[in-house]
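FYI, the numbering just counts along the sequence from 1.
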Amino acid sequence: FNVTSLKSFTKQLAEYYGVTESHVLVTAGSGEGLALLARHFNKGNIVTADPTFGILPSTAKKIGTKVIEVPLTPSKVHDLEAMLKAINKETNLVYICNPANPTSTMVKPAALKNFCIEAARKTVVLIDEAYIDFSNEVSWLTVLKDFPNLIITQTLSKAYAMAGLRIGILYASTGVLVSIRVAP
């Protein structure tokens, strides 16, 4: 992978998903993208489910960021109501893994939309769609432009069987990605 092929790949992803290239950041696997976000949103706190895919919360904890872990519901789904209540003025990021890893449960689309409408007024919302291709749900990329505080992460390692290539993708509003790209 060189700079020219990376730019071409980014352009193809943007065209495929109907966003601009400035909305796309390709990373060395989705895990690297999640760790990058943990480092970027290291002030204040991060709200996440418990349990969830561990790279973002464990990276955040290692660098001293407070992580507010909200237990799943008895049916092992994200407790969106409790997560909304956990958001405070110090919250810089809310992390939703949907479909969830390790539980493989999914938040109902209408409930997740309502959550994003409310939470994105207060902070940045990250939806990890590493396993979206194994579900019948539509990616949140279809409404990315409607949510300026939304980040979506995907990977080519799962459904596309490209684990050896380590390609992860962050999609977000231009302003969010610009601040991530220029962060120290």
Side-chain angles (χ1 to χ4, degrees), residues 25-42 44-88 91-116 118-120 123-144 147 149-172 180:
L25 178 63
V26 178
T27 61
S30 63
E32 179 57 34
L34 292 170
L36 173 69
L37 292 170
R39 291 188 301 273
H40 180 74
F41 293 100
N42 66 350
N45 66 60
I46 294 173
V47 174
T48 187
D50 182 37
T52 194
F53 184 63
I55 290 178
L56 187 135
S58 65
T59 301
K61 288 176 188 176
K62 285 177 187 174
I63 61 174
T65 304
K66 181 178 180 185
V67 177
I68 300 172
E69 297 173 305
V70 177
L72 299 174
T73 67
S75 57
K76 304 295 183 212
V77 177
H78 286 72
D79 189 338
L80 298 180
E81 186 176 323
M83 290 181 80
L84 268 177
K85 289 178 182 174
I87 297 170
N88 60 45
T91 304
N92 287 319
L93 183 69
V94 176
Y95 175 52
I96 306 273
C97 188
N98 195 54
N101 178 354
T103 63
S104 74
T105 57
M106 290 204 58
V107 176
K108 290 185 168 73
L112 188 53
K113 181 177 182 180
N114 291 336
F115 174 84
C116 286
E118 185 67 29
T123 192
V124 176
V125 176
L126 167 62
I127 301 176
D128 182 343
E129 292 187 341
Y131 293 96
I132 193 75
D133 296 309
F134 296 105
S135 75
N136 293 324
E137 298 301 326
V138 175
S139 169
W140 276 81
L141 286 170
T142 60
V143 295
L144 180 65
F147 294 91
N149 276 343
L150 181 63
I151 301 172
I152 299 159
T153 185
Q154 294 184 343
T155 180
L156 298 182
S157 297
K158 311 296 187 240
Y160 298 96
M162 296 171 46
L165 291 179
R166 307 302 311 142
I167 299 174
I169 308 128
L170 299 176
Y171 300 91
I180 292 169

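The two atoms that bring Leu34 and Leu56 nearest to each other are O-CD1, 3.6 Å, heavy atoms only. Of all non-hydrogen atoms in Cys97 and Phe53, the two that sit nearest each other are SG-CB, 4.2 Å. The shortest heavy-atom contact between Leu150 and Cys116 is CD1-SG, 4.5 Å. Across Val77 and Met106, no two heavy atoms sit closer than the pair CG1-O, 4.0 Å. In terms of heavy atoms, Val70 sits closest to Ala82 at CG1-CB, 3.5 Å. Heavy atoms only, all atoms of each residue included: Tyr95 and Met83 are closest at O-CE, 3.7 Å.
Note that the CG atom of Leu80 and the NZ atom of Lys108 stand 11.0 Å from one another [nearest 0.5 Å]. Atom OG1 of residue Thr91 and atom CG of residue Leu84 lie 10.5 Å apart, to the nearest 0.5 angstrom. Taken from CD in Glu32 to CG in Leu37, the straight-line distance is 10.0 Å, to the nearest 0.5 Å. One distance of note links NZ of Lys76 with OG1 of Thr105; it measures 9.5 Å at 0.5 Å rounding. Put simply, CG on Leu126 and OG1 on Thr48 are 9.0 Å apart, with the number rounded to the nearest 0.5 Å. Rounded to the nearest 0.5 Å, atoms CG (Leu72) and OG1 (Thr52) are 7.5 Å apart.
Around atom CD of Glu118, more than 12 heavy atoms belonging to other residues, nucleotides or ligands sit under 6.0 Å away.
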Quiz prompt | Evaluation steps, side-chain contact (heavy atoms from CB on, under 4.5 Å), between Asn98 and Asp128 | solution = CA-CA 6 Å; Asn98 195 54; Asp128 182 343; over 6 Å; no

Practice problem: Start with the C-alpha gap between Ile169 and Thr27, add the side-chain angles, then the distance that decides, and say whether side-chain contact (heavy atoms from CB on, under 4.5 Å) holds. | Solution: CA-CA 6 Å; Ile169 308 128; Thr27 61; over 6 Å; no

Quiz item: Under the side-chain contact (heavy atoms from CB on, under 4.5 Å) criterion, do Leu112 and Ile127 qualify, and how do the steps go?
Solution: CA-CA 10 Å; Leu112 188 53; Ile127 301 176; 4.1 Å; yes

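Looking at Ser58, its side chain does come within 3.5 Å of a backbone N or O of Ile55 through a donor-acceptor pair. A side-chain donor-acceptor contact under 3.5 Å links Thr123 to the backbone of Leu93. Thr65 places a side-chain N or O within 3.5 Å of a backbone atom of Asn42 that can act as its donor or acceptor partner. Without hydrogens or angle criteria, Asn149 side chain to Val124 main chain gives no donor-acceptor distance under 3.5 Å.
Under 3.5 Å, the side chains of Asn45 and Asn88 contain a donor-acceptor pair of N or O atoms.
Side chains of Tyr171 and Thr153 form no contact here, defined as non-hydrogen atoms less than 4.5 Å apart. Looking at heavy atoms from C-beta onward, Arg39 lies in side-chain contact with Ile63 at the 4.5 angstrom threshold.
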